[in-house]
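Accompanying notes for the structure given below.
So you know, we letter chains A, B, ... as the sequences are listed, proteins then strands, and number each from 1.
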There are 2 protein chains.
Amino acid sequence: MPYDPSAFPPFAVTVDLVVLTVRRHALCALAVRRGEAPFQGRWALPGGFVRADEDLAQAAARELAEETGLRAHEPAAPVQDNGAHLEQLATYGDPERDPRMRVVSVAHLALAPDLPAPRAGGDASNARWAPVEELLQRGGHARDGEPVAPLAFDHAQILADGVERARSKIEYSSLATAFCPSEFTVGELRRVYEAVWGVALDPRNFHRKVTGTPGFLVPTGGTTTRQGGRPAQLFRAGGATLLNPPMLRPEV
Amino acid sequence: MPYDPSAFPPFAVTVDLVVLTVRRHALCALAVRRGEAPFQGRWALPGGFVRADEDLAQAAARELAEETGLRAHEPAAPVQDNGAHLEQLATYGDPERDPRMRVVSVAHLALAPDLPAPRAGGDASNARWAPVEELLQRGGHARDGEPVAPLAFDHAQILADGVERARSKIEYSSLATAFCPSEFTVGELRRVYEAVWGVALDPRNFHRKVTGTPGFLVPTGGTTTRQGGRPAQLFRAGGATLLNPPMLRPEV
DNA sequence: GATCATAGTCGTCTGCCTGACGATAAACAC
DNA sequence: GTGTTTATCGTCAGGCAGACGACTATGATC
């Protein structure tokens, strides 16, 4: 296989973002409305071209900041401030995935706490948080009756892969805290798991598990009643990133 | 963020392969010797450009066949014949990773049973199976005393990521059978785990675990004494792809 | 052929973890 | 105060893994 550096087919390389958050007990993803063909007017994942002098992670962090204002954390750093967790998801390169040209998209997964409001270059009407189940159903209607077209390009597949990554990764890591504000209660963390997995968990067993795992949660000393009921202890994410043994999803 | 389809920086897109196998109780990776600059004469992972009309998985499968003669399995299909498991690993796109031009490499991970002999376009002297620990040590010397240079480009990082993926994935999936021939014994499967993880496992507990997991192993009825000792039952990989509960690596 | 080394297979026991669920505690709404 | 909500602590039984004993069936060696 002789090698000729000048004889390679040129590709466009983009990053697409699966930005997930938990709003009102539902796992939601950030979607932006496309302003041009192809798929004009349809919803898509945010993303854009990788610049000539930019690393893939840098490009993803830049796009994330442009779309949400969020800063990205360093990959291995614990979740501390209001930044988002950002990691590479997978790369999609079907020759037909973009009708205009050959585009390879390096999808990234971002997990963020509930945010005030999305912004897409300042235009809020062209960006929204939508429940992932609504974005993933093929056609059909949202809860408010508005008809929903499938996501543009292969973004439904990318979103599905990102959701599955998030669902599986909170099993064996402390990543679920990325969905929470810097201080949170055990109940709030449990509701994150319930929203991401779409199941109900036993509050008592969940409490035992997360408080019994060394390094997972660090009590701040404060309490809150923002969820109603008896005051709950506030915690911060601890240094542990891996949960061993993992917290397995209920079978079904 | 105005969009101009003609104004994107061109990238070269390649696939690089982390091909792993188990030889003589050691986890080994396929390495090829570079014939040209940069890194001329150094060992590298096999790989090549993605063609203009080719999917990423197709390109990886083609490179795998060119380098080893192996056919790749469909992602979700159980391991049956002597083909290899192939899956996307991660994508590497640092602007400086190739001094000649901007190259984004979509690395893939392949797991194969022990093979007769490597071939690199027919030239066996430029391809070899090397223990991953030898390829990953920075400089230093192989066991035969020959000095070893680090892998070319960022291939040490890619290899390390691929090894870690394999190590973690055999915990919760039946992927370890991809390292075995179509029929194998429990002891042979155990030696795969031991080589990949670099630990010793209790034969009795391992036997109980793998034979007790429904769908993991299917007895063929035959026996073999190719490992010496008492004849062992032969098994084939069952339909189950996920191990639940997983088989966790020993802590140490 | 007896003995030994090797590898495979079946059991036992103990401790840890989880799921199911009872009970109590501390806030707020009325 | 009563009821409602949420948090937190306990109890108990079953499942599973680690440690390890015992037995089996081969080939190798004397």
Any donor-acceptor pair under 3.5 Å linking the side chain of T91(A) with the backbone of T91(B)? no
Quick check for you: name the first and last nucleotides of DNA chain D, 5' to 3', having an atom under 4.0 Å from a heavy atom of chain B. dA17(D) to dT26(D)
Every protein N/O within reach of nucleotides 15-18 of chain C N/O, cut-off under 3.5 Å:
{"unit_1": "dT18(C)", "atom_1": "OP1", "unit_2": "K209(A)", "atom_2": "NZ", "d": "2.7"}

Near DNA chain D, under 4.0 Å by heavy atom, which residues of residues 187-194 of chain A? G187(A), R190(A), R191(A)
Is there a donor-acceptor pair under 3.5 Å between the side chain of H85(A) and the backbone N or O of L111(A)? no
Whole-Å distance between dA27(C) P and Q233(A) CD? 13 Å
Per the under-4.0 Å heavy-atom filter, residues of residues 218-225 of chain B near DNA chain C come out as none
Tell me, please, which residues at least two apart from A112(B) pass side chain to side chain contact (heavy atoms under 4.5 Å, CB included). L70(B), A84(B), L115(B)
Tell me every residue that passes salt bridge (Lys or Arg N to Asp or Glu O under 4.0 Å) with R204(B), counting only those two or more places apart in sequence or in another chain. D202(B)
side-chain hydrogen bond (donor to acceptor under 3.5 Å, both in side chains) pairs touching residues 211-222 of chain B, sequence neighbours excluded, are none
Tell me the salt bridge (charged side-chain N to carboxylate O under 4.0 Å, His left out) pairs involving residues 167-178 of chain B, sequence neighbours left out? E87(B)-K169(B), E171(B)-R249(B)
Check for a donor-acceptor pair, side chain of T185(B) on one end and backbone N or O of Q233(B) on the other, with a separation under 3.5 Å. no
A107(B): partners by side chain to side chain contact (heavy atoms under 4.5 Å, CB included), with sequence neighbours left out: L89(B), Y92(B), I158(B)
For A61(A), enumerate each residue passing the side chain to side chain contact (heavy atoms under 4.5 Å, CB included) test, keeping only those at least two apart in sequence or located in another chain. A72(A), L86(A)
Is the charged tip of R128(B) near the ring of W43(B): under 6.0 Å from the six-membered ring centre and within 45° of its axis? yes
Under the ring pair (Phe, Tyr, Trp, His ring centres under 6.0 Å) rule, what pairs show up with a residue in residues 188-234 of chain B, not counting sequence neighbours? Y193(B)-W197(B), Y193(B)-F206(B)
Tell me whether the OP1 or OP2 atom of dT9(C) has a side-chain N or O from H207(B) closer than 4.0 Å. yes
Quiz item: R204(B) side-chain donor-acceptor pair to dG11(C) base, under 3.5 Å: no
Applying salt bridge (charged side-chain N to carboxylate O under 4.0 Å, His left out), which residue pairs with at least one partner in residues 176-200 of chain B are found, sequence neighbours left out? E183(B)-R236(B), E188(B)-R226(B), R190(B)-E194(B)
Take the protein atom CZ of F235(B) and the nucleotide atom P of dG8(C), then report the distance between them rounded to whole Å. 11 Å
In whole angstroms, the gap separating P of dA20(C) from CZ of F206(A) amounts to 16 Å
Round to a whole Å and report the spacing from CZ of R230(A) to P of dA26(C). 6 Å
Kindly give the heavy-atom pair with the smallest separation between L136(B) and A160(B), and that separation in Å. CD2-N, 4.0 Å
